[in-house]
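When a residue number appears, it is its place in the shown sequence, counting from 1.
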Amino acid sequence: MNKNELKNKILRLKKEKNAVILGHYYQIEDIQELSDYVGDSLALAEKALNVDCDIIVFCGVHFMAETAKILNPSKKVLLPDMEASCSLAESCKGADFAKFKAQHPDHMVISYVNCSAEIKAMSDLICTSGNAEKLVKALPNDQKIIFAPDKNLGGYINSVTGRDMLLWNGVCMVHDAMQAEEILKLKLQYPAAKVVAHPECNAALLKVADFVGSTKAMLRYIQKTDCKKFIVATEAGILYEMRQNNPEKEFITVSNNESCSCSECSYMKLNTLEKLYSCLKNETPEILMDNDMIERAKKPIIRMLDISKELGII
Ligand code: 13P
Ligand code: SF4
């Protein structure tokens with residue numbers, strides 16, 4: 001079957017089964033093209049809560065599909081490849097985190113959405129990179145906080161809010177590996193370019209960035225900034241949307257390993273058109289969770305969505 005036949009079959013099956021495809025910005029272009037909604041993790045979580053369909057096919061990584069199931073448990077939620085994990089979620093296991101939390105009983109727990117349902121269930125509030133700063137700023141100044149699992153995002157939020165949140169020692173393997181030295185070299189090569197970076201990047205890199213923000217915030221910044229070249233320190237999948245919205249602008253990628261001139265998340269790229277087709281056809285692999293876990297993990301996510309609405313972020 002050639003690519004176009006495969007794409008047409010996916011679209012037909014999607015209609016027949018009343019399914020909706022939610023696609024993260026880091027998915028391969030073909031999947032973004034077929035998705036009903038493409039967005040960052042905050043926008044997709046919001047979509048998952050309200051979407052009207054029988055099946056949600058989540059083209060992203062496991063914690064995102066799990067979040068969709070938690071928010072809309074009556075729907076069948078499919079993930080094309082169950083191995084699509086995330087180094088942040090992997091770095092924070094339930095038993096270890098429970099011990100850490102018990103050592104700091106006077107702290108509230110804010111967890112970045114890139115974590116398992118088990119960690120969410122142990123959290124008071126969930127955040128995404130799109131709302132973390134505003135959510136933390138909205139809390140009383142004397143509130144003690146544990147922030148998990150991303151020490152780079154947590155460190156960045158500490159630096160912009162003046163807080164001293166206690167950080168879990170996890171990193172995104174894609175963003176953490178990008179180096180400030182490479183950005184500085186690229187800046188010499190392209191002196192007029194602005195540097196945009198995701199807050200999962202390490203602190204040294206964030207220091208040399210002109211703009212730090214979530215995928216959605218970077219897209220907004222690029223659109224409104226009167227500059228023709230951007231150095232992009234995040235996962236390369238986002239370039240598809242950046243180029244579509246700004247055909248006249250040039251985007252320079254940052255590498256995170258010697259074999260590639262750009263940075264790709266190997267977990268995100270596990271989803272392929274073939275796996276998307278087979279998962280829609282066979283309605284598997286499916287995200288299955290017990291009701292108790294759904295209920296416990298849901299509370300801090302709903303709290304995040306409610307506060308985000310109050311603050312006008314979504
Ligand atoms: P966003 O929250 O910006 O969608 O990012 C998710 C992610 O996995 C970043 O690496
Ligand atoms: Fe996780 Fe990093 Fe991949 Fe995002 S890019 S899914 S944070 S490993």
Any side-chain heavy-atom pair of [X] and [Y] under 4.5 Å:
X    : Y    : answer
H104 : L166 : yes
V232 : T253 : no
F211 : F230 : no
L184 : Q179 : no
N141 : R163 : yes

Side chain to side chain contact (heavy atoms under 4.5 Å, CB included) assessment of M293 paired with R296: CA-CA 5 Å; M293 181 57 84; R296 288 189 297 125; 3.8 Å; yes

Indicate yes or no: does [X] engage [Y] in a salt bridge with an N to O separation below 4.0 Å.
X    : Y    : answer
K269 : E235 : yes
E283 : K17  : yes
K76  : D54  : no
K299 : E295 : no
D124 : R303 : no

Separation between SG of C115 and CD of E90, rounded to the nearest 0.5 Å: 12.0 Å

Proximity of W168 and F97 rings by center, below 6.0 Å: yes

Among V196, I183, V208, D210, the one residue meeting side chain to side chain contact (heavy atoms under 4.5 Å, CB included) with I231: I183

The single option from I56, T67, I70, V77 passing side chain to side chain contact (heavy atoms under 4.5 Å, CB included) against I287: V77

Evaluation steps, side chain to side chain donor-acceptor pair (under 3.5 Å), between S111 and S123: CA-CA 6 Å; S111 294; S123 306; 2.7 Å; yes

Enclosure of K229 NZ (heavy-atom neighbours >12, cutoff 6.0 Å): no

Within 45° cone of Y37 ring axis and under 6.0 Å: K47 NZ or CZ: yes

Donor-acceptor side-chain pairing of D164 and N158 below 3.5 angstrom: no

Stepwise side chain to side chain donor-acceptor pair (under 3.5 Å) test for Y267 and E83: CA-CA 7 Å; Y267 290 122; E83 298 297 311; over 6 Å; no

Geometric class of the Y26/H175 ring pair [parallel <30°, tilted 30-60°, perpendicular >60°]: tilted

Heavy-atom pair with the smallest gap, counting every atom of F58 and P80: O-CD, 3.3 Å

